[in-house]
Amino acid sequence: MVLVRQEIGDVLRDVRLRQGRTLRQVASRASVALGYLSEVERGQKEASSEILASVADALDVPLSSVLHEVGDRLAVLEGLGYDGMGHIGATVPDTLPDDLVAEFDSAVR
């Protein structure tokens, strides 16, 4: 089972470590308890949108960037690929089944 809280925690930890910041520094700047932020990063707690926004701000990254990265990771875990234009998503056929076209045509007439 894919856990969103796990992916959120992984992304937050990855950003923090890339910046060379400690958990204590980010928790202090975000006004979040150190232990709670640690649990969020480990995927053990579901952070509220307010907490996520505060942590993203403390990391100097837009919340949308964090959520975008989480979405990309979830798509990979769900087995969705990229289309030719760099978008994640399942392949959508460019044709309709003949019986569906016939049904539509008869309903329009």
Side-chain angles (χ1 to χ4, degrees):
M1 174 189 300
V2 177
L3 294 177
V4 175
R5 71 174 184 252
Q6 184 68 51
E7 295 308 313
I8 289 172
D10 288 347
V11 169
L12 292 175
R13 183 184 316 104
D14 290 349
V15 170
R16 179 178 61 77
L17 292 175
R18 278 195 306 265
Q19 294 178 356
R21 294 167 128 179
T22 66
L23 196 59
R24 184 175 307 281
Q25 290 170 326
V26 175
S28 175
R29 188 161 177 216
S31 299
V32 174
L34 176 71
Y36 183 76
L37 183 55
S38 175
E39 289 178 312
V40 168
E41 282 193 359
R42 288 180 282 135
Q44 295 176 336
K45 293 285 185 185
E46 299 263 359
S48 69
S49 59
E50 290 86 0
I51 296 290
L52 291 176
S54 183
V55 173
D57 187 55
L59 292 167
D60 296 317
V61 296
L63 180 57
S64 60
S65 294
V66 171
L67 296 177
H68 188 272
E69 177 68 22
V70 169
D72 285 351
R73 289 175 180 226
L74 291 173
V76 169
L77 291 172
E78 291 171 340
L80 300 178
Y82 287 87
D83 63 16
M85 297 178 356
H87 301 108
I88 296 175
T91 304
V92 177
D94 61 355
T95 59
L96 295 172
D98 291 336
D99 58 333
L100 183 60
V101 172
E103 183 181 331
F104 179 78
D105 286 342
S106 65
V108 172
R109 292 184 191 155

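Residue indices begin at 1 and follow the sequence shown.
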Listed by chain and number, what are the salt bridge (charged side-chain N to carboxylate O under 4.0 Å, His left out) partners of Glu39, not counting sequence neighbours?
-> none

By side chain to side chain contact (heavy atoms under 4.5 Å, CB included), which residues pair with Leu67, not counting sequence neighbours?
-> Leu63

Residues which pass side chain to side chain donor-acceptor pair (under 3.5 Å) with Ser38, listed by chain and number, not counting sequence neighbours = Arg42

Report the residues that fulfil side chain to side chain contact (heavy atoms under 4.5 Å, CB included) with Ala27, sequence neighbours left out, ordered by chain and then residue number.
-> Leu34, Leu37

Hits for side chain to side chain donor-acceptor pair (under 3.5 Å) against Ser48, two or more places apart or cross-chain, chain-then-number order -> Glu50

How many angstroms lie between atom CD1 of Ile51 and atom CD of Glu46, to the nearest 0.5 angstrom?
-> 13.0 Å

Is there side-chain contact between Glu7 and Leu77, with at least one heavy-atom pair below 4.5 Å?
-> yes

Search all heavy atoms of Ala56 against all heavy atoms of Pro62 and return the closest pair with its distance.
-> CB-C, 4.4 Å

Non-neighbouring partners of Arg13 that pass salt bridge (charged side-chain N to carboxylate O under 4.0 Å, His left out), sequence neighbours left out | Asp10, Glu41

Pairs meeting criterion salt bridge (charged side-chain N to carboxylate O under 4.0 Å, His left out) with involvement of residues 51-67, two or more places apart = Arg21-Asp60, Arg29-Asp60

Those residues at least two apart in sequence (or on a different chain) that pass salt bridge (charged side-chain N to carboxylate O under 4.0 Å, His left out) with Glu69 are Arg73

Determine yes or no for a side-chain-to-main-chain donor-acceptor pair under 3.5 angstrom, with Arg5 supplying the side chain and Gly43 the backbone.
-> yes

Leu17 with Val40, same ILVMFWY side-chain cluster at under 4.5 Å = no

Are Leu52 and Leu12 side-chain neighbours, meaning at least one heavy-atom pair lies under 4.5 Å?
-> yes

When rounded to the nearest 0.5 angstrom, what distance separates CG in Leu59 from CZ in Arg16?
-> 8.5 Å

Sorted by chain and number, sequence neighbours left out, side chain to side chain contact (heavy atoms under 4.5 Å, CB included) with Ser28 holds for none

